[in-house]
Amino acid sequence: MSLPDKPEASVDSEWKRVHPATPFVRGWVALAAVGFFFGRDAFERMLQGRDFLDANLNGRVLWLLAGGAVVLLLTVGGFILSWYFTRYQVAEGYVRVNTGFLFKQQRQARLDRVQAIDIVQPLLARIFGLAELKFEVADAGESAVRLAYLPLGQAKQLRATILARAAGVVSESGTTEDIPEAPEHVVLSVPPARLIGSLLLSEQTIGILIGAAVVVATSVIFENNAIFLALIPGILGIGAAYWSSFNKGYNFTAAISPDGIRLRYGLLDTQAQTVPPGRIQALMVTQPPLWRIFGWYRMHVNVAGYGVSASSEGAARTMLLPVGLKSDVMRMMSLVLPDPGTEDPERVFTAGLDGLAPAGPESAPDDGFITTPRRARLLAPLGRRRNGFFATRTALLIRSGRWWHTLVLVPHQRTQSMALHQGPLARRFGVADLVLHTTAGPVSPRVFQAGVEQAVELFDQQAARAREARKRQTSEQWLAQVAPQAPEPAAGASPEEATPAVGPTPPERPEQPQTSPQQEDRHDG
């Protein structure tokens, strides 16, 4: 779909520069390294009560100072040149960023292919009131465009501009400079106490306790206490991992707006993500064993452009909910899938989160999920009653895990391809796995050990559902689509306890243009 024409003298077509403090915020480590190299010895001598400068260096002090000044000038000069040659532009349906003065580089992203926009504020950038913008596009294993740094207000305005362009919003003047930031409605937040409790009851803690028991038993058996010294690096690493998880999950807040789902989190380094509606390719809800005591769950998503990253930042960016109650999970699901495609979504999703098939002879499941047939009970003694799938009009739900409960949700139009897997043991018991391929991420949709007949039937039916769902998605500009209405809460239920079947109606944005149908999108976006 082509974007609306704009005047030739449009303000937003001009090339602009980032904030002048950007190179120093990004390169403070280099400045600190220069200062450490030239000042370490002098500082140590001063602490020891000796002369500030070594007497042997008196004849070379001027040369050292001159060398340090040259290095400092080259470093600062490089920062200034880096700032001068870094420019950005929003025009002609693209956001472009030019960088480099020796080796030039231009990166650009199509606005209607933007999958998500993040506002990132490291601690030093927060002190200066600056922020970095990350634009994620389809098929980009990393950020396609990173724009650092802008004043926080300007970064928010630019994000609103880009999301408005991607959504098809045009202001009365024909430009997007005067488009205000879309209003939002906060739907949930994670209390710090719950976050700390989830870390203490996490799988990581279970592994630490088991490892500690093994170490203590080994030291007692061999009467060797030196083994505890070898644990110091591991203890430091574990502490760093806990701190990283707490720092990334602190003050987690989720809100809904016409731009999409807005996520904010972070203690020292804060981050604000905006994931447009319909850009989530797959969703996974997990529940570790100890979390079942308090009814806690976590949620991860696949978003085109985020890719697979083992870093703490990559894990945080794919986290839709670090820890929440069942009502929080239902609320976030309603944002991802406003139309659940079933008359009783609470019953279906509850069965996906915690359901089990009957333990008796094989019979029709009472919760709608088709599970592993009884003939494969020796192949899956624990998971047979838990493994299952259920297809609504809009999504495929896959549940698995007897101890670590897992529920995967894939909208039909996000199914890119499928594959049937069957090993020798699976052939012996007459079962097969069906793998659904979406974009790269932490969610790997897989139907485990379904009967061969059910797996083949699901393969054919899911292909037809995906094809029809993509035909119904006629526009890349999501504001051109009708927003669903929120249901009325049940009688006697408080707003916090209400479990919405569909998402809340987003606040209205400025006027939007008339759009025409578009060819079926065969990409993952």
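Basis for what follows: all heavy atoms, side chains included, without hydrogens, waters or symmetry-related copies.
Here the CG-CZ distance, from L81 to F101, works out to 5.0 Å after rounding to the nearest 0.5 Å. Taking CZ from F294 and OG from S198, the interatomic distance works out to 11.0 Å, rounded to the nearest 0.5 Å. To the nearest 0.5 angstrom, L236 atom CG is 9.5 Å from I238 atom CD1. Going from atom OG1 of T205 over to atom CG of L199 covers 7.5 Å, rounded to the nearest 0.5 Å.
The pair D328-R194 meets the salt-bridge criterion, with a side-chain N (NZ, NE, NH1 or NH2) lying under 4.0 Å from an Asp/Glu carboxylate O. With respect to E203 and R298, a salt bridge is recorded, a charged nitrogen being found less than 4.0 Å from a carboxylate O.
Aromatic ring pairs are classed by plane angle as parallel below 30°, tilted from 30° to 60° and perpendicular above 60°; the pair F252 and Y265 is parallel.
Put simply, the residue from V95, T99, L158, L133 that forms a side chain to side chain contact (heavy atoms under 4.5 Å, CB included) with Y88 is L158. Applying side chain to side chain contact (heavy atoms under 4.5 Å, CB included) to V275 and the options I117, L320, V301, V303 leaves one that passes, V303.
For I196, the side-chain contact (heavy atoms from CB on, under 4.5 Å) test picks out L200, F246, with sequence neighbours left out. Judged as a side-chain contact (heavy atoms from CB on, under 4.5 Å), and not counting sequence neighbours, the contacts of R87 are W15, R17, N98. With sequence neighbours excluded, no residue satisfies ring pair (Phe, Tyr, Trp, His ring centres under 6.0 Å) with F85.
When only modelled atom types and interatomic distance are considered, R264 and T270 share no side-chain donor-acceptor pair under 3.5 Å. With hydrogens and angles left out, the side-chain atoms of Q89 and R96 include a donor and acceptor closer than 3.5 Å.
At distances below 3.5 Å, at least one donor-acceptor pair connects side-chain atoms of T394 with backbone N or O atoms of P340. Within the 3.5 Å criterion, the main-chain N or O of V18 finds no donor-acceptor partner in the side chain of T22. Although no hydrogens or angles enter the test, the distance criterion places a donor-acceptor pair under 3.5 Å between the side chain of D269 and the main chain of L123. Between the side chain of R159 and the backbone N or O of T274, no donor-acceptor pair lies under 3.5 Å.
Residues L397 and V408 have side chains not in contact (no heavy-atom distance under 4.5 Å, counting atoms from C-beta outward).
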- Test side chain to side chain donor-acceptor pair (under 3.5 Å) on R262 and S257 and set out the steps. CA-CA 7 Å; R262 293 183 179 177; S257 78; 3.3 Å; yes
